[in-house]
Amino acid sequence: SMQHALFVQLVSYIYPGTILIPFLVEPFMVCIVRFYLFSWLIRSRPDVTSLQAEKCLECMPFDLNRYGDIIVNLVLCNLIFFLTSANIWWLFAQLITSCTVVCVWDQYRFLRESQRTKFTTNMMDVCAQYLTVFPCSVLAGGLAFKYQGGQAMVRGWARDEFFHLRMEWIYIIVAMLAHAVVHTLLLYVVVPLFVSEEQPKTSSYREVAQENSCNWFNAN
């Protein structure tokens, strides 16, 4: 059937090409390949200064793009709920494996392969919370699909009617949009009520120095 064919294609795309291979290749490309490429470049260019050589070989700043990677993987895995199969558990087991690999690699990268990086605000974390609207909305659509009959409903359709415009798909889209609106409003209105906003301090440098004497002149 069309549904089974889509399931096979989607699983083949997700695993291992999306949720595993990129994270296994990333350490090799970021650490080993990058180091040897810049080392060969420095050796082959006599006009490279010591400062430029140091800049080429120093570790990169730690980035937070992993938020996006995990959100995309969650959206892809949640799409499986529209293509019912007994092997759904296996795909989510691979997702857990992928997240474990990412956690171990990021821990090592943060401690051993990154220069000191400062994050002065929580804007990226707030943005990530809003991005979770997408996988949760897809999950809400999957729930609406199951509620209307799921696999049993699809069996009553013709083989080529899976993508035809039907009231069932309209209900699913409405469920996804409704969840997205409610989820966003909760994050925008309700969550800030439980987060205390830090007020800027008005203490002078003299008052702060009496409690904490560490400064640029004596700590470098």
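In the hydrophobic clustering of ILVMFWY residues, with side-chain heavy atoms under 4.5 Å counting as a link, Tyr15 and Phe92 come out together. Residues Leu20 and Val30 do not share a hydrophobic cluster, defined by chaining ILVMFWY side chains whose heavy atoms lie under 4.5 Å apart. Each of Met124 and Tyr130 belongs to its own hydrophobic cluster when Ile, Leu, Val, Met, Phe, Trp and Tyr are linked at side-chain heavy-atom distances under 4.5 angstrom. Val189 and Val191 fall within the same hydrophobic cluster, where Ile, Leu, Val, Met, Phe, Trp and Tyr residues are linked whenever their side-chain heavy atoms come under 4.5 Å apart, directly or through other members. Hydrophobic cluster membership differs between Phe134 and Leu143, with clusters built from Ile, Leu, Val, Met, Phe, Trp and Tyr side chains linked at under 4.5 angstrom.
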Would you mind writing out the side-chain donor-acceptor pairs for residues 55-62 within the sub-3.5 Å range, not counting sequence neighbours?
none

Indicate every side-chain donor-acceptor pair of residues 68-82 with a distance under 3.5 Å to a residue at least two apart or in another chain.
residue	atom	partner	partner atom	Å
Asp69	OD2	Arg66	NH1	3.0
Asn73	ND2	Asp69	O	3.4
Asn78	ND2	Leu74	O	3.4
Asn78	ND2	Pro135	O	2.9

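The shortest side-chain heavy-atom distance between Leu24 and Phe28 does not fall under the 4.5 Å cut-off. In this structure, Arg34 and Leu37 have side chains that are not in contact, with every pair of non-hydrogen atoms separated by 4.5 Å or more. Between Pro22 and Thr18, every side-chain heavy-atom pair lies at or beyond the 4.5 Å cut-off. Counting heavy atoms from C-beta on, the side chains of Leu95 and Leu91 never come closer than 4.5 Å. Taking 4.5 Å as the limit, some side-chain heavy atom of Met167 sits within range of a side-chain heavy atom of Tyr171.
Taking both residues in full, the closest heavy atoms of Val208 and Ser203 are given as CG2-CB, 3.9 Å, listed atom of the first, atom of the second, then distance. Residues Gly141 and Ile172 approach most closely at O-CG2, 3.7 Å, considering heavy atoms. Residues Asp63 and Arg109 come closest through the heavy atom pair OD2-NH1, 3.5 Å.
To the nearest 0.5 Å, atom OG1 of residue Thr49 and atom CD of residue Gln52 are 3.5 Å apart. For the atom pair Glu26 CD and Ile21 CD1, the distance stands at 14.0 Å (nearest 0.5 Å). Atoms CD1 and OG, from Ile42 and Ser50 in turn, are 10.0 Å apart once rounded to the nearest 0.5 Å. A distance of 3.5 Å separates CH2 in Trp105 from SG in Cys31, rounded to the nearest 0.5 Å. Phe23 CZ to Asp106 CG: the interatomic distance, rounded to the nearest 0.5 Å, is 9.0 Å. Rounding to the nearest 0.5 Å gives a distance of 15.5 Å between OH of Tyr205 and CD of Gln210.
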TODO: Could you go through the side-chain contact (heavy atoms from CB on, under 4.5 Å) check for Leu64 and Phe119 one step at a time?
DONE: CA-CA 10 Å; Leu64 299 176; Phe119 303 101; 3.7 Å; yes
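Residue pairs satisfying the side-chain hydrogen bond (donor to acceptor under 3.5 Å, both in side chains) criterion with at least one member in residues 182-193, sequence neighbours excluded, are listed as follows: His179-His183. Residue pairs satisfying the salt bridge (Lys or Arg N to Asp or Glu O under 4.0 Å) criterion with at least one member in residues 114-136, sequence neighbours excluded, are absent.
Of the possible donor and acceptor atoms, none in the side chain of Ser98 sits under 3.5 Å from a partner among the backbone N and O of Gln94. Distance alone, capped at 3.5 Å, is enough to place a donor-acceptor pair between the Glu207 side chain and the Ser204 backbone.
Other members of a hydrophobic cluster containing Tyr147 are absent, since no ILVMFWY side chain comes under 4.5 Å of it, directly or through relayed contacts.
For Arg166, the salt bridge (charged side-chain N to carboxylate O under 4.0 Å, His left out) criterion is met by Glu161, Glu168, not counting sequence neighbours.
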